[in-house]
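Read through the structure below, which is laid out as structure tokens, and then see the notes.
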Amino acid sequence: MMWELRESFPLHFTVFKQTACHLAHEANVEKVFSRVGLLADPSLLPAHLSTLVMVGFNKKAFKPQLDAIKDKYYEMFRNKTKS
């Protein structure tokens with residue numbers, strides 16, 4: 001079906017090729033479990049552990065500048081201390 005429509009919808013055909021050729025494999029899950037095993041601690045909340053694992057896997061895709069990190073930190077925590 002997609003082969004017949006490839007010239008009418010070239011972008012859709014490209015996306016289809018990229019997604020249809022990816023085969024799920026158990027190694028993907030094993031990488032996640034091994035990362036969780038390295039970070040796991042009995043006193044760690046499950047939500048915090050899942051956040052740490054997600055950040056660990058996505059850190060190569062998102063690299064903000066140091067100034068952007070500091071600005072966001074100041075935006076979130078400035079003037080929130082108890083006086």
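Given the structure is predicted, the values throughout are model-derived calculations rather than measurements. Nothing fancy with the numbering, it's 1 onward along the sequence.
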Pairs in or reaching into residues 45-75: which pass ring pair (Phe, Tyr, Trp, His ring centres under 6.0 Å), with residues at least two apart or in two chains? Tyr73-Phe77
Gap between atom CG of Asp71 and atom CZ of Arg78 - 0.5 Å precision: 8.5 Å
Would Leu44 end up clustered with Val36 when hydrophobic side chains under 4.5 Å apart are linked, directly or stepwise? yes
In terms of hydrophobic clustering (I, L, V, M, F, W, Y; side-chain heavy atoms under 4.5 Å; direct or indirect links), are Met54 and Leu39 co-clustered? no
Considering all heavy atoms, the nearest Lys31-Ser34 contact: O-OG, 2.9 Å
Nearest 0.5 angstrom please: Glu7 CD to Glu4 CD, how far? 11.0 Å
Interatomic spacing from CG in Asp41 to CG in Leu52 - rounded to 0.5 Å: 10.5 Å
